[in-house]
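One structure below.
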Amino acid sequence: MENFTFHNPTRIHFGRGQIAQLAQEIPADARTLLLAGGGSIKANGVHAQVLKALGARSVTEFWGVEANPDFDTLMRAVELCRREKLDWILAVGGGSVLDGAKFVAAAVPFAGDPWDFVVKRGAGIKSALPLGAVLTLPATGSEANCFSVISRRALKEKLAFGHPSVFPRFSVLDPETTFSLPPRQIANGIGDAFCHVLEQYLTYPADAAVQDRFAEGVLRTLVEVAPKTMAAPTDYAARANFVWAATCALNGWISPGVPQDWATHTIGHELTALHGIDHARSLAIVLPSLLHLQRVTKREKLLQFAERVWDVRDGSADARIDTAIAKTRAFYESLGIRTHLADYQVDAAVTAPEVARRLTARGVTAIGERGDLTPARIEQILRAAA
Ligand code: NZQ
Ligand code: ZN
């Protein structure tokens, strides 16, 4: 295991009725920006619960943060904060609203063009406004990490940044707030969380027993709970387990001291930027094809994954790896998430070289846990995902 520093300051309030905790979390004299998406929180009563908990506090609302939050939209929220001298941010919604809130929190005090710190992955950020979250979509782990993914449609870009100052001070996770999610978003959430674990687990052995067992526990929980929570969206027990699994998939507990991949995400972001494919679906297209191409360098962990997550113990090592990859693809398909570019009317022969060209232009020369995925190999992965 490599040396590591572990730091996660986010307080979690988990369970029914926990939105009431806002009354303790947000200072009485805070001037709060309430950031929201397109209206789901009005329809499901979450907005009313939030306002009740905030009581007499000063609250200014900003609506319209879209899925894959857009820089231009968020800059209007930044201007609102500056104009009204708002000093606290409360995100109420899914990962896009939370990521948007992190951007706004860092952008308000930033001197210069905030797009710079996005391009530089968070470098240059010195401080951020305090922020908290009420999460209504289990998927991204944004509620308990310091990452944010910002799209800029005008430039056809989608880039991730991270900085310790944008950890939420707290996050409220009430599984009941997620009962209103449509099947497509539940599937997306399961698929995204599953991939988050694999990006930190399916690399090469690092003699990290706890991290491995923890990762396998989250993966097996997702596989078990997925059909239940898809079939019975208001089953509290199933949903609560899914919500916590999604948080644990990307809150930092799996990654200390182990190699990480993140190539599926980097390539997936390009597919979303170019074709508007939902984040989780972009991952489902890339992942099986990437695992197949990287089966030699990932061999030991693929065999461990086959045995400990999918209970595959028989046959040759190559056959077990094939089965594990096939089961992973089948898991996504069982959620209703298609796994080929053609399913999204995307022509691999055009998109594969385009993604390679874009990554090259951005100076991305080699990614993955061993730094061996060059743009040429990424093109190969996407051609194989046709
Ligand atoms: O906009 P509203 O009306 O709120 O509707 C949203 C949106 O249309 C809806 N929704 C959310 N909660 C709901 C609900 N509908 C009914 N009931 C509820 N309780 O769901 C739609 C999708 O929401 P969005 O926030 O976009 O989804 P998700 O949470 O999957 O977030 C995706 C974004 O997060 C980024 C992705 O790239 C993408 O931009 N990611 C962020 C990460 C992070 N911060 O660590 C890591 C991830 O890998 C990911 O890249
Ligand atoms: Zn993701």
Side-chain angles (χ1 to χ4, degrees), residues 10 12-23 25 34-54 63 65-67 90-98 132-144 168 170-197 217-251 278-281 283-284 330-338:
T10 304
I12 300 289
H13 299 291
F14 189 98
R16 290 187 176 102
Q18 293 302 298
I19 290 175
Q21 298 277 358
L22 293 177
E25 287 286 5
L34 190 165
L35 201 68
S40 70
I41 62 164
K42 268 231 165 97
N44 63 13
V46 169
H47 180 249
Q49 286 188 61
V50 167
L51 290 189
K52 185 169 172 227
L54 291 175
W63 292 79
V65 177
E66 52 283 268
L90 179 63
V92 187
S96 294
V97 173
L98 271 63
V134 176
L135 179 77
T136 63
L137 199 176
T140 61
S142 188
E143 66 278 11
F170 68 87
S171 285
V172 174
L173 278 63
D174 175 349
E176 286 187 341
T177 66
T178 75
F179 285 177
S180 55
L181 283 166
R184 167 175 164 170
Q185 299 301 343
I186 304 169
N188 281 353
I190 296 165
D192 192 19
F194 195 82
C195 188
H196 292 161
V197 180
V218 175
L219 292 169
R220 290 195 73 119
T221 301
L222 286 167
V223 170
E224 246 171 62
V225 93
K228 292 183 194 158
T229 202
M230 292 286 292
T234 58
D235 173 339
Y236 183 87
R239 185 54 58 86
N241 278 300
F242 165 37
V243 170
W244 191 232
T247 299
C248 294
L250 197 50
N251 67 350
D278 287 358
H279 171 62
R281 285 159 208 260
L283 307 174
F331 178 57
Y332 280 95
E333 296 277 354
S334 78
L335 301 170
I337 298 183
R338 308 302 303 274

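In this chain, residues are counted from 1 in sequence order. Because the structure is predicted, anything quoted here is derived from the model rather than measured.
Considering all non-hydrogen atoms of both residues, A193 and A249 come closest at O-CB, 3.6 Å. The shortest non-hydrogen separation linking G189 to A139 is CA-CB, 3.4 Å. Nearest approach of P168 to S142, heavy atoms of both residues: CG-O, 3.8 Å. L335 approaches A226 most closely through the heavy-atom pair CD2-CB, 3.9 Å. Pairing each heavy atom of A187 with each of I337, the nearest pair is O-CD1, 3.5 Å.
Using a 4.5 Å heavy-atom threshold, the side chains of P138 and L173 count as separate. Inter-residue side-chain proximity for P227 and M230 is flagged as unmet; no heavy-atom pair is nearer than 4.5 Å. Under the 4.5 Å side-chain criterion, counting only non-hydrogen atoms from C-beta, F14 is not in contact with S171. Two residues are said to be in side-chain contact when any heavy atoms from C-beta on lie closer than 4.5 Å; T140 and H279 fail this criterion. Looking at T177 and V172, their side chains never come closer than 4.5 Å, going by heavy atoms from C-beta outward. You'll find the side chain of F179 stays beyond 4.5 Å of the side chain of D174, heavy atoms only.
The side-chain contact (heavy atoms from CB on, under 4.5 Å) check on L219 picks up F194, V197, L198, Y201, F305, V309, with sequence neighbours excluded. Residues passing the side chain to side chain donor-acceptor pair (under 3.5 Å) test with R338, sequence neighbours excluded: E333, D343.
T221 contributes atom OG1, which lies 12.0 Å from atom CD1 of I190 (distance to the nearest 0.5 angstrom). Rounding to the nearest 0.5 angstrom, the gap separating the CD atom in Q18 from the CD1 atom in I12 is 11.0 Å. Atom CH2 in W63 sits 4.5 Å away from atom NZ in K42 (nearest 0.5 Å). Atom CG in L34 sits 6.0 Å away from atom CD1 in I41 (nearest 0.5 Å). Note that the CG atom of L137 and the CG atom of N188 stand 8.0 Å from one another [nearest 0.5 Å]. The structure places CG of L35 at 10.5 Å from OG of S96, a figure rounded to the nearest 0.5 Å.
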Step by step, would you call V97 with V92 a side-chain contact (heavy atoms from CB on, under 4.5 Å)?
CA-CA 7 Å; V97 173; V92 187; 5.6 Å; no
As a quick check of understanding, evaluate side chain to side chain donor-acceptor pair (under 3.5 Å) for E143 and T247, giving each step before the final call.
CA-CA 7 Å; E143 66 278 11; T247 299; 2.6 Å; yes
Going through the checks in order, is the side-chain contact (heavy atoms from CB on, under 4.5 Å) test met by L90 and L54?
CA-CA 11 Å; L90 179 63; L54 291 175; 4.1 Å; yes
Donor-acceptor contacts under 3.5 Å from residues 237-245 side chains, at least two apart:
from: R239; atom 1: NE; to: T229; atom 2: OG1; distance (Å): 2.7
from: R239; atom 1: NH1; to: T178; atom 2: O; distance (Å): 2.8
from: R239; atom 1: NH1; to: T178; atom 2: OG1; distance (Å): 2.9
from: R239; atom 1: NH2; to: T229; atom 2: O; distance (Å): 3.3
from: R239; atom 1: NH2; to: T229; atom 2: OG1; distance (Å): 3.3
from: N241; atom 1: ND2; to: A237; atom 2: O; distance (Å): 3.0

